[in-house]
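First comes the structure, then the notes that go with it.
Computation of the quantities below employed the complete heavy-atom set of this structure, encompassing side-chain atoms and omitting hydrogens, waters and symmetry-equivalent molecules. Residue indices begin at 1 and follow the sequence shown. Worth saying up front: this structure is predicted, and the values here are computed from it rather than measured.
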Amino acid sequence: MKPYYLLLPLLGLFSTAEAQNQQLSMKDAMVNARTTLAPENLGQLQFIYGTEDYVYAKTINNQLTWVKGNAKQATEQPIITLAQLNQKLRTAKHDTLTAMPVIQFNKGASWLFPLHKAQMAYDPAQDLLTTNIDSSVFSKLNVEPSTAGYTAYLDKANLFVAKAGAKNQVTTDGSGDIVYASSVHREEFGISKGVFWSNNGKLLAFYRMDQSMVADYPIINWMTKPAKNINIKYPMAGEKSHHVTVGVYHAEKKTTVYLKTGEPKEQYLTNIAWSPDDKYIYIAVLNREQNHMKLNQYDAVTGNLLKTLFEEKDEKYVEPLKPVLFVKNKPNQFIWQSNRDGWNHLYLYQADGKLVKQLTKGNWEVVDVKGFDDKGENLFYVSTAESPITRDLFALNLKSGKSKRLTKGVAVHNTQVSSSGKTVIDNFSSPDNPRTIQLLETATAKSRTLLQAKDPLAAYSTEKSAIFTIKSANGDPLYCNIYKPLGYDSTKKYPVVVYWYGGPHAQIITNSWNAGAGDYWGRYMAAKGYVVFLMDTHGSDNRGKAFEQSIFRSVGDMQAQNMLTAVDYLKTLPYADTENMGLFGWSFGGFNTVNFMLNHPGVFKAAVAGGPVIDWSLYEVMYTERYMDTPQENPEGYAATNLNLKIEQLKGKLLLIHGLQDPVVLQQHSVGLVKSAVDKGVQVDYMIYPGHEHNVIGKDRTHLYQKVTDYFMTHLK
């Protein structure tokens, strides 16, 4: 399950007194929070690849203009305006643009941008504009260009490769059952695409997924006349899963070979990577039980399995998320990420699979790798070494094994590193700082501020919030965040709204502006006289393997225990009316919400569960079996978490919400609970959002949050 949850605002604002008299509207909280009330930013800020120059788009003389700067000079220079770009397009006899496009600033003749369903390339040195990918290809699905001028794409379910106008059809049997060049395994295990070009751009690895054995599942489009059924393939826990293989297409020879990944066919082929010389392909092969991973090396020409470099096993589950990363300028070494010691860390290996050393270690997580410096001596990574709720950039010397922290301040740092590793763009925020963007020199630690954002809510009345921890029953700190009602009176009591998610791969509280959330609904509710409380429970991300795996085979149990601990804390607050509390969650948080309401009736007076899992046997194979095993292996766990069987225990009001086209948590979950409620004479409320999938986005999001707000206002006050 991807971390689908409705984001909430979490952190405090500046407390400047005067002019803070406007009240947030629901539109402000849900729509304007992403536009006019979002912190200032530098649009599309990036490095020009291969240089220390940065570029971004800004308005100059009422027109959007790309400007360039670097660490060595304090002034920035305009490099191209929309008018200048349109003149170049006219000269090349192309249609013009009405708005400045997004430009990818590669080095040299590779300033790439879209133009009317085609991709253009501009060479500033020669002032030359050419078509990089024509519209007949660029408008297709899963378009992926290579360094050798080839472009892979999907058309009518089949894989094609084109170059210089010539197109070659690689596959012929693509269909709804046979899926090519697309992400597989329902995008688990870090999989996000289906084609992988070699380094020289002449060989293409691609996924082939046979899902003919998976039952069709209906998704109804209610917006057509008449309504139309669209079948999807949805492998449910304990049922048949699809079969995946990996093909390799040689673009020059126009030949294809399939890797001999062997039996059983129900296995997971994840984290595809090429060797630097393009002779080999590396795949992390995971068994369906997800407790045994083999890192395999395959011959790209014959498809033969050459060697299993190493294996990882775990009594609960193994989850490879990142492919091997070969060390720059050292083709005989690679970096592997693993949480084998309990935390996600970096390991250095020889290409033959021999472990050289563990590079990072500690009770913290490596959350991202940014690449190497130009010599390949230092690796840049982002970690939670300071705190689970902060992010910092470090430079790791591969020879000495020593790491150096590059970013400063207790904050969440989002960074870009130049291709040489000499310069860093540091875009960071904290509870009292909406955004700062600095340019850092890694050698000298010198910095220059490019932007200091102003408080976007300076004119609004909002209540500060606070991040803190409470201890769980087993002693683990649980990160929480609380809003007091705007202008609260310590002698009065106020109703409470609690929001949570509590599932893997998600963290709702971070030490950033608004905790990284995109809306201000928590502030809105505080202004309406509510205490708003949030918590990251066991199972949440970036807290180590044991913290996450505590939910294994009994999802919801640890989360419910954590919530009882939180309720005990709320009862200590003299201003919290714990007789009038509401609980809210989406997706995994929706499951946790219904699960808590049924197993601990009467604690919360009302609850809202959006897109909730109700019966885990109806959820997808990959995610569910990782945390629950199969229904056949864990019948007690599945029975205990089948909420249909517990609906009679509901005490209080419950609103279920579901997108009608949800392909993630199928609507059958919430419909099944409604049917169980009808059968048992239990009253629940139900709201649908036609045209929406798992999340309700766009303008209808305001409607959704107004619905949730009204529900709590009706039943808690």
Side-chain angles (χ1 to χ4, degrees), residues 3 5 7-15 33 38-41 343-344 362-368 370 381-394 403 405-416 424-438 440 447 449 451-457 462-472 476-484 499-502 505-523 526 532-544 547-548 562 566 569:
Y5 50 89
L7 297 174
L8 299 175
L10 303 173
L11 300 175
L13 291 162
F14 296 117
S15 57
E40 299 169 86
N41 204 353
W343 304 83
N344 191 59
N363 294 346
W364 45 269
E365 301 263 289
V366 172
V367 296
D368 195 13
K370 295 293 185 177
Y381 68 88
V382 178
S383 85
T384 63
E386 179 182 57
S387 164
I389 60 172
T390 62
R391 303 289 183 272
D392 282 290
L393 181 68
F394 290 79
S403 290
R405 179 175 167 178
L406 299 177
T407 51
K408 299 177 181 178
V410 182
V412 170
H413 295 265
N414 297 300
T415 54
Q416 299 180 54
V424 173
I425 295 172
D426 183 14
N427 186 333
F428 64 92
S429 69
S430 67
D432 295 321
N433 178 12
R435 187 191 311 278
T436 300
I437 301 178
Q438 292 183 336
L440 309 177
S447 65
T449 299
L451 172 72
Q452 177 56 61
K454 299 175 183 177
D455 175 8
L457 294 179
T462 58
E463 184 60 43
K464 288 183 178 180
S465 69
I467 293 176
F468 59 99
T469 61
I470 58 176
K471 281 197 174 182
S472 68
D476 287 332
L478 304 173
Y479 282 88
C480 306
N481 185 60
I482 195 168
Y483 282 96
K484 295 178 182 178
Y499 180 83
W500 62 340
Y501 179 80
H505 299 293
Q507 182 182 22
I508 63 173
I509 298 173
T510 60
N511 199 56
S512 62
W513 179 254
N514 219 34
D519 62 61
Y520 297 133
W521 186 72
R523 301 183 188 281
V532 181
F533 178 87
L534 304 96
M535 175 176 59
D536 277 320
T537 67
H538 280 89
S540 300
D541 208 8
N542 300 313
R543 296 295 304 277
F547 193 85
E548 179 185 286
N562 293 165
Y569 166 77

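No side-chain heavy atom of Y499 sits less than 4.5 Å from a side-chain heavy atom of W521. In this structure the side chain of R435 never reaches within 4.5 angstrom of the side chain of E40, judged on heavy atoms. A 4.5 Å side-chain heavy-atom check between L457 and Y520 finds at least one atom pair inside the cut-off. Contact annotation: the side chain of L478 approaches that of H538 to within less than 4.5 Å [non-hydrogen atoms, C-beta and beyond]. Between F468 and I482, some side-chain heavy-atom pair lies under the 4.5 Å cut-off. The side-chain heavy atoms of F428 and N433, taken from C-beta on, include a pair separated by under 4.5 Å. Side-chain atoms of S429 and P39, non-hydrogen and from C-beta on, never get closer than 4.5 Å to each other. In this structure, the side chains of Y501 and S540 stay at 4.5 Å or more apart for every pair of heavy atoms.
Not a single donor-acceptor pair under 3.5 Å links the side chain of N511 to the backbone N or O of S430. Remark: side-chain polar atoms of N514 are paired, donor with acceptor, to backbone N or O of D519 under 3.5 angstrom. Checked by atom type and distance alone, the side chain of E365 never pairs as donor or acceptor with a backbone atom of T384 at under 3.5 Å.
Partners of K370 under the side chain to side chain contact (heavy atoms under 4.5 Å, CB included) rule, at least two apart in sequence or in another chain, are D368, F380, V382, L393, T415, V417. For Y479, there are no ring pair (Phe, Tyr, Trp, His ring centres under 6.0 Å) partners, not counting sequence neighbours. For W364, the ring pair (Phe, Tyr, Trp, His ring centres under 6.0 Å) partners at least two apart in sequence or on another chain are H345. Considering only residues two or more places apart in sequence or on other chains, N363 meets the side chain to side chain contact (heavy atoms under 4.5 Å, CB included) condition with W343. Applying the salt bridge (Lys or Arg N to Asp or Glu O under 4.0 Å) test to D392 and every residue at least two apart in sequence or in another chain returns R405. Scored by the salt bridge (Lys or Arg N to Asp or Glu O under 4.0 Å) test, K408 finds no partners at all (sequence neighbours excluded).
Looking at every heavy atom in both residues, E386 comes nearest to G409 through OE1-O, 4.2 Å. Here the shortest heavy-atom pairing between F533 and A566 reads CE2-CB, 3.7 Å.
Under the 3.5 Å distance criterion, with hydrogens and angles disregarded, no donor-acceptor pair is assigned to the side chains of Y483 and T462.
Here the CG atom belonging to L406 is positioned 8.5 Å from the CZ atom belonging to F394, to the nearest 0.5 angstrom. Here D476 contributes atom CG and R543 contributes atom CZ; the two are 6.5 Å apart, rounded to the nearest 0.5 Å. From H505, atom NE2 reaches atom CG of N542 across 10.5 Å, with rounding to the nearest 0.5 Å.
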